[in-house]
Trainee: 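The structure is given below, and queries will be raised subsequently.
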Amino acid sequence: MSPGLPEQRYFDDAELGDEFEESYLARPELVATYLSVSRGNAELNEEDGRFSDAAGAQALGLERPIVPGVMSLSIITRLVTDWAGPAGRLRTLDANFRRPVLHGDRLRLMALVTDASDESGVGRVTLDVYLENERGERPLQGTAVVELPHRPR
C-alpha cells in the first residue's frame, strides 16, 4: 500500500472485542474550513455564532463554540471507513448525539467489534462507535455495520 492509504481489513481477521481508536483535536480552524466547504447547507451558516464565535455561543448558553453535528458524524465515519480499508463498505451508521463537541475538545474516536457474521459469502461486522472528550463524556455514540472482503486464498 502507498503511504497514507488505509490498510485493507479482511473479514477473516475481525474478532469480537477488537478495539481501535484515534485521537482528534477539535480545532477552530478545522471547523471554519468545514463550514466554508458546507456553505450549501442552510443549517451550517458561517455567521451562526454557535459554530464560530465565542460571544455568539455564550449568548446561546454554550461554554464555547461547538463543532457542527454533521462534522462530528463525518469524523466517526472516517474512523470506520479507514479501518475497513478501500474494499470495505460502510452499510449503515446509526448515531445518537448526546451533547455538543466544543472547540478545543481532545477527542478519542473509538470503535469496538461487537458482532461478525458471514451471510451468503458477505462478511458483515458490527461496531459500537463513539467520540469521547477529555471530560469522559461521549457526545456521539452509535453503531456501524461494515462489509469486509474475505482474505484472498
Side-chain angles (χ1 to χ4, degrees), residues 1-46 48 50-52 62 65-153:
M1 292 234 131
S2 300
L5 290 179
E7 175 184 330
Q8 181 55 58
R9 183 89 40 214
Y10 294 99
F11 176 76
D12 314 77
D13 300 326
E15 304 252 346
L16 294 180
D18 283 352
E19 293 181 308
F20 55 98
E21 71 176 84
E22 288 183 19
S23 55
Y24 184 89
L25 177 59
R27 298 190 331 248
E29 58 272 17
L30 294 175
V31 175
T33 300
Y34 189 86
L35 291 172
S36 70
V37 171
S38 302
R39 284 194 177 144
N41 186 336
E43 292 183 25
L44 296 178
N45 183 338
E46 279 188 89
D48 189 338
R50 67 187 164 153
F51 299 131
S52 58
L62 300 165
I66 63 173
V67 173
V70 291
M71 183 175 172
S72 296
L73 186 60
S74 65
I75 292 166
I76 202 71
T77 300
R78 185 190 53 80
L79 173 74
V80 172
T81 57
D82 282 358
W83 176 81
R89 298 288 175 257
L90 175 61
R91 288 302 176 198
T92 63
L93 178 59
D94 181 29
N96 295 303
F97 297 93
R98 304 292 176 112
R99 57 183 35 91
V101 173
L102 304 175
H103 284 205
D105 276 355
R106 293 184 184 284
L107 300 171
R108 288 178 54 202
L109 291 55
M110 305 282 298
L112 169 70
V113 175
T114 58
D115 191 30
S117 63
D118 189 357
E119 299 170 16
S120 303
V122 177
R124 292 192 181 192
V125 177
T126 302
L127 306 165
D128 283 352
V129 297
Y130 59 91
L131 303 179
E132 183 176 278
N133 62 30
E134 65 270 19
R135 296 174 299 283
E137 301 167 335
R138 292 186 177 174
L140 180 147
Q141 58 188 47
T143 304
V145 176
V146 177
E147 290 180 358
L148 296 176
H150 289 277
R151 183 173 296 287
R153 297 186 195 264

Trainee: Within the structure provided, determine whether P65 and V31 are in side-chain contact (heavy-atom separation under 4.5 Å).
Mentor: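 Contact flag for P65/V31 side chains = no.
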Trainee: Taking E147 for its side chain and R89 for its backbone only, find out whether a donor-acceptor pair lies under 3.5 Å.
Mentor: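 Side chain of E147 to backbone of R89: no pair is present.
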Trainee: Applying the side-chain contact (heavy atoms from CB on, under 4.5 Å) criterion to R99, which one of E137, R138, R135 satisfies it?
Mentor: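 Result for side-chain contact (heavy atoms from CB on, under 4.5 Å) with R99: E137.
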Trainee: Between CG of L109 and OG of S23, what distance do you get to the nearest 0.5 Å?
Mentor: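 L109 CG to S23 OG: 8.0 Å, rounded to 0.5 Å.
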Trainee: Using atom types as modelled and distance alone, determine if a side-chain donor or acceptor of N133 lies under 3.5 Å from a backbone N or O of D105.
Mentor: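 The answer is no, because no donor-acceptor pair under 3.5 Å joins these two groups.
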Trainee: From L79 CG over to Y130 OH, what is the distance, rounded to the nearest 0.5 angstrom?
Mentor: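 Nearest 0.5 Å value for the CG-OH distance: 11.0 Å.
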Trainee: So, taking the atom named OG1 in T77 and the one named CG in L90, what distance separates them when rounded to the nearest 0.5 Å?
Mentor: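 If we round to the nearest 0.5 Å, T77:OG1 and L90:CG are 6.5 Å apart.
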Trainee: As an exercise, state the distance from CG of D13 to CG of L148, rounded to the nearest 0.5 Å.
Mentor: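 Answer rounded to 0.5 Å: 9.0 Å.
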Trainee: Can you label the angle between the F20 ring and the W83 ring as parallel, tilted or perpendicular, going by 30° and 60°?
Mentor: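 It falls in the parallel class, under 30°.
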Trainee: Is there side-chain contact between T143 and T126, with at least one heavy-atom pair below 4.5 Å?
Mentor: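 Yes, side chains in contact.
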Trainee: Between L140 and I75, is there a side-chain heavy-atom distance shorter than 4.5 Å?
Mentor: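 In short, these two side chains do not touch, never coming nearer than 4.5 Å.
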Trainee: Can you check whether A84's main-chain N or O pairs, donor with acceptor, with Q8's side chain at less than 3.5 Å?
Mentor: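 At least one qualifying donor-acceptor pair exists.
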Trainee: Between atom CG of L127 and atom OG1 of T114, what is the distance when rounded to the nearest 0.5 Å?
Mentor: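 Interatomic distance, L127 CG to T114 OG1, rounded to 0.5 Å: 6.5 Å.
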Trainee: So R106 and E134, do their side chains get closer than 4.5 Å, heavy atoms only?
Mentor: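 Sidechains of R106 and E134: in contact.
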Trainee: Going by heavy atoms in the side chains, are H150 and D118 under 4.5 Å from each other?
Mentor: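 The answer is yes, as the side chains (C-beta and beyond) meet within the 4.5 Å cut-off.
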Trainee: How far apart are the closest heavy atoms of V80 and V146, and which atoms are they?
Mentor: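 Distance-wise, the nearest heavy atoms are CG1-CG2, 3.5 Å.
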Trainee: Can you find a heavy atom in the side chain of F11 that is under 4.5 Å from one in the side chain of P149?
Mentor: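 A side-chain contact under 4.5 Å is absent here.
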Trainee: If the threshold is 4.0 Å, N to carboxylate O, is there a salt bridge linking D115 and R124?
Mentor: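 Salt bridge between D115 and R124, a charged N being under 4.0 Å from a carboxylate O: no.
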Trainee: Mind checking the CE-CD spacing from M110 to Q141? Nearest 0.5 Å is all I need.
Mentor: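 Answer rounded to 0.5 Å: 12.0 Å.
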Trainee: Of all heavy-atom pairs between L73 and F97, which one has the smallest distance, and what is that distance?
Mentor: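 Between these two residues, the closest heavy atoms are CB-CZ, 4.2 Å.
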Trainee: Can you give me the closest heavy-atom contact between P68 and L35, atom names plus distance?
Mentor: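 In terms of heavy atoms, the two residues are closest at CG-CD2, 3.9 Å.
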Trainee: Return yes if some donor-acceptor pair links the side-chain N/O of H103 with the main-chain N/O of F51 below 3.5 Å, else return no.
Mentor: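 Yes, H103 side chain to F51 backbone: donor-acceptor pair under 3.5 Å.
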Trainee: Do you know which two heavy atoms are closest between L30 and Y24, and how far apart they sit?
Mentor: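 In terms of heavy atoms, the two residues are closest at CD1-OH, 3.5 Å.
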Trainee: Below 4.5 Å, heavy atoms only, C-beta onward: do E22 and R78 meet side chain to side chain?
Mentor: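 SC-SC contact between E22 and R78 confirmed.
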Trainee: Would you name the heavy atoms of Y34 and S74 that are closest together and state the gap between them?
Mentor: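 Closest approach of Y34 to S74, heavy atoms only: CE1-OG, 3.9 Å.
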Trainee: For A14 and V125, work out which heavy atoms get closest and say how close.
Mentor: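 In this case the closest contact between A14 and V125 is CB-CG2, 3.9 Å.
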